[in-house]
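Along the sequence shown, residues are numbered consecutively beginning with 1. In what follows, every heavy atom counts, from backbone to side chain, and hydrogens, waters and symmetry copies are set aside. In each ligand, atom 1 is the first atom listed, and ligand 1 is the first ligand listed. Keep in mind the model is a prediction, meaning the values are calculated, not measured.
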Amino acid sequence: MDLGTVPAAWTKRHLLDVQNLSAEEINIILDSAVAFKEATNNCTQKLQILAGRTCANLFFEPSTRTRTSFSLAARRLGADTIDFSSSGSSLSKGETFIDTAKNIEAMGVDVVIVRHRTPGTAQLLAQNLNCSVINAGDGPHEHPTQGLLDILSIRERCGRLEGLTVALVGDIAHSRTARSNIWGLKKLGANVIVCGPSTLVSKRWEELGVEVAYDLDEILPRCDVLNLLRIQFERQSTRPFPSVREYALLYAMNQERLARAKPEILILAPGPINRGVEITPDVADGPHSAILEQVTNGLAVRMATLWLILGGNS
Ligand code: CP
């Protein structure tokens with residue numbers, strides 16, 4: 001791929017979700033990510049492809065991976081970065097969210113990367129700012145770059161997406177990662193199962209064309225990939241199961257379950273992981289796990305996204 005010119009089929013100024021990306025656009029992001037990974041020696045070296053551009057992180061929720069990954073991706077491509085945190089900002093003095101974003105934009109920002117607990121926040125900014133906007137997670141709605149890096153990690157390890165069976169296991173109800181994965185995986189031809197306790201997995205997910213399952217042991221032998229989602233206690237008003245121990249007994253990926261899975265099964269987790277809850281430490285750190293590869297692929301997907309959104313080096 002020629003990293004000097006953005007593909008003509010890419011016309012978007014914002015990345016707000018995966019739902020509204022076509023299969024062609026998803027493949028452009030994935031292929032660009034692979035090209036950036038190669039051109040930067042596995043995301044370790046710099047390219048001056050976005051020199052003179054400025055990227056602003058506006059994070060209103062905690063983050064380790066996404067925030068640092070976007071900052072590093074921007075700097076790897078020669079862009080300047082601004083890191084805004086709501087704590088310690090003038091929001092506490094009564095400034096509105098939109099005014100805060102407009103003031104950051106007025107510093108000469110080309111793209112705002114926003115994370116917020118309210119669904120639709122990235123869309124709202126795209127309507128109110130002149131610069132580009134990337135959604136870094138809006139409540140339980142979508143986390144497009146996480147979905148895309150998960151899909152890239154599957155394609156890299158399995159060599160394809162078409163026909164694979166991918167199970168998303170855990171707290172589906174509150175997971176923006178689940179939604180972004182479902183839209184992307186379905187568009188690229190994978191079969192998707194959502195699996196977890198009935199309090200966290202509604203039958204209505206079937207309306208998105210996915211299979212709904214409540215028994216991990218029943219679906220396990222059919223799965224090529226498991227993506228283990230964290231239980232998001234911070235988004236729940238009541239406990240969705242009697243105890244974490246009971247959840248782990250029914251849904252944690254452990255060595256005993258690994259022995260009953262396909263020999264080449266791939267284990268993903270978007271992170272942060274809770275060791276001993278959705279995954280045991282030996283599986284998280286074992287050969288089937290691509291958890292840290294996902295983090296590296298996150299850098300590649302975010303380099304590709306910034307490059308595409310900002311129209312390359314033009
Ligand atoms: N996976 C993910 O979004 O991680 P962070 O919350 O640390 O950014």
- Item | Candidate pair R53 and L306, rule side chain to side chain contact (heavy atoms under 4.5 Å, CB included), full reasoning | CA-CA 10 Å; R53 307 300 188 90; L306 290 169; over 6 Å; no
- Message: Can you list everything that forms a side-chain hydrogen bond (donor to acceptor under 3.5 Å, both in side chains) with H288? Sequence neighbours excluded, please.
- Response: none
- Message: Applying side-chain hydrogen bond (donor to acceptor under 3.5 Å, both in side chains), can you list everything that pairs with E61, at least two apart in sequence or on another chain?
- Response: R176, R235
- Task: State whether R157 and D224 are salt-bridged, where the test is any N-O pair (Lys NZ or Arg NE/NH1/NH2 against Asp/Glu carboxylate O) under 4.0 Å.
- Result: no
Please list every donor-acceptor pair under 3.5 Å in which a side-chain atom of residues 167-175 meets a protein atom from a residue at least two apart or in another chain.
from : atom 1 : to   : atom 2 : distance (Å)
D171 : OD1    : H174 : N      : 3.2
D171 : OD1    : H174 : ND1    : 2.9
D171 : OD2    : H174 : ND1    : 3.3
D171 : OD2    : Q232 : N      : 2.8
D171 : OD2    : Q236 : NE2    : 2.9
S175 : OG     : T177 : N      : 3.3
S175 : OG     : A178 : N      : 2.9

- Which protein residues have a heavy atom closer than 4.0 Å to any atom of ligand 1, listed by chain and number? S63, T64, R65, T66, R115, H143, Q146, P270, G271
- Between S85 and R67, does any side-chain donor sit less than 3.5 Å from a side-chain acceptor? yes
